[in-house]
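Below, chain A is the first sequence line, B the second, and so on; all start at residue 1.
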Amino acid sequence: MDQLQQFVRKGKLYTYILLVLANALLICVWWISSELCGWSLTVTLLLLAVAAFVLPLFVVRIVSTIFIQPLKFVWQAVLYIAPETTSVAAPEIHNVRYAQELVTNLVNHIYRLADVATEVASHTTDEAASLEHNFIANNIPLPLVVLSKDETILFANEALLEYVEAKREDAFGQSVYSRLDLAFESNDTLDTWLKEAKEKHVTATRTWERVRLTLPGEGQPKTKLLDLVAYYNKENPAGYETMLILFDHTKSYSQDDQAISFVALAVHELRTPLTMLRGYIEAIEEDLNGKISNELSGFLQKTQAAAGQLATFVNNILNVARVEDDQMVLNLQEEKWQDVLPATIEELKIRAEVRGITIKASVEKDLPNVGLDQVCMYEVMSNLIDNAIKYSGDAKEVIITSKLSKEGLVETTIQDKGVGIPESAIPYIFDKFYRDHHNRAQIGGTGLGLFLCKTFIKAHGGNIWVHSKEGEGSTFGFTLVPYKDLAEELKTDNNESITTNAHGWIKNHSLYRR
Amino acid sequence: MEESASQKNGKKILCIEDELFIGELYSRALQKAGYEVTVELDGQKGLELAQTNRFDIILLDLMIPTITGIDVLRQLRDPAKTPKLKAKIIITTNLEQRDEIKADIESQADGYIVKANITPRELVEFLGSID
């Protein structure tokens, strides 16, 4: 900066001197013309005018040379190193007359910058062109692949080649889609994402889980399960547009696979009664040419029962999904429990009867009317009765009792005399997907039924519990709230119905009505 | 079919199936086709039966009490635990599996049947076809 200040100061001084000299020359012209030569005023003025026009020309020329020439050299140096201008020659520094030191310095700086830029560029291009020489890329224990703009493999590290069991020459230059047979869980795949990224983004990243990679090969195809991370950068030098990193999870994901998924269980449960239905219907068809025997009418009953089970289970699946999505809305109507309960038991008793189990029900008369959603309460009873039948073991009796509790609630219990529940399992029995490990081996089921019972009873404002002893049986109980108490509690404006969802009360409102 | 229904074909089938009704349906249909059928509800007992008796065909459910069908299958295919097993093992299940596991089970079994997809009569036909 000192040099620049010096240069500017010098420039100013020269300019000042030049202007003073120019003025002195004008005075000289006037003096010579009028005093020395005695020319007329007209001639003198004419001479002065000529001098006034000519002298500044010199001044401007000299001043501009002082200031412009160094700039010109610097400019030439910049152009010389600029990549897009190839025809500009290097400035010849020794020709610099003004501010030589400053210009030489500046030009040298520019050249140094150019060198650095070239060095950086050479690093990027050279090493990008041969990433295999890059220590990190090849030694990082993660399979990594770099794609060009047309989605061919520009580079794949050693870890990737090993992972996909490919040789360099088989992978490099190949389309990523032909080389890596990737299957995604949804339609949102690598190619659709890349297409979108190319259209809309400069950079983008994306992760997919549980991607399945199938390796080509003879015999049984090998598959791997992995998480895939993609990084896209439109402006990456040398066309290295997309990078993919593969995180292998084959082991853990296969273990998950072995743990039966919810859907698998659901399908299994749907298929079991379906299998029976098909079997019995076939049995009836086969023997239809004979008379309907007791056995066959029994089969018909069983078919009915199986259809009922299937319906309950399908409802359970649907209801769990609805509860989870917060879509479950209950419409509590004022009902007589002493009418609803026996009717429900009547519908469900066939399931017990086909297993040789009798349901004994006793409902106290004069129970207060309760607020309930009939559809949901049918599911509750159906699940609790199915449960009692399932866990009855050799016992042949299920006892259902309904009475008014001390707290003024309508209390219903379903008692079996079967296998019972271990004490350790009782706190979790209403949890979703919970099934006692001990019983798991012996009794089919998915652990949805009791979860739904609890959800529905809670949504009715009631409570659900279980008393059980291993080997002696279990008693499930729940309470329903008298309708007038519900209505009062909610201070609802109309007494026709109360609406609630699975997670709590909603004030009665037409929006929430089903 | 009807004429030959009660004629014994001399073949013995072990049906390891914990769902009573399915066991009933299968044994009814198979007995009509002339098979001698033993239905066993329990995995461990089924395994022991298979190891100590000579069956021609074993129908094996996967979701069964005490030990799973997959464990029964492994032990039946292990020559150290079950030497000289003559029976053909047919998996009969309604459990949906991931492909890899299914492939693994299928590679060890002589047949793999989704129960809901076939009727007992079709099962009989299938067993006749694999002989």
Other residues, nucleotides, ligands: >12 heavy atoms within 6.0 Å of A/Glu162 CD: no

B/Arg54 atom CZ, neighbour heavy-atom count above 12 within 6.0 Å: no

Nearest-0.5 Å distance, CD1 of residue B/Ile22 to CE of residue A/Met276: 5.0 Å

Heavy-atom side-chain contact between B/Thr119 and A/Tyr280 under 4.5 Å: no

Considering all heavy atoms, the nearest B/Pro120-A/Gly279 contact: CD-CA, 3.7 Å

Full working for salt bridge (Lys or Arg N to Asp or Glu O under 4.0 Å) between B/Glu19 and A/Lys390: CA-CA 11 Å; B/Glu19 180 51 60; A/Lys390 257 190 230 167; over 6 Å; no

Atom NZ of B/Lys12: over 12 foreign heavy atoms under 6.0 Å: yes

Spatial distance of atom CZ (B/Phe21) from atom CG (A/Leu277) [nearest 0.5 Å]: 11.0 Å

Greater than 12 external heavy atoms within 6.0 Å of A/Lys396's NZ: yes

Value rounded to 0.5 Å, distance of CG in B/Leu123 from OG1 in A/Thr275: 11.5 Å

Contact check, side chains of B/Arg28 and A/Glu295, non-hydrogen atoms, under 4.5 Å: yes

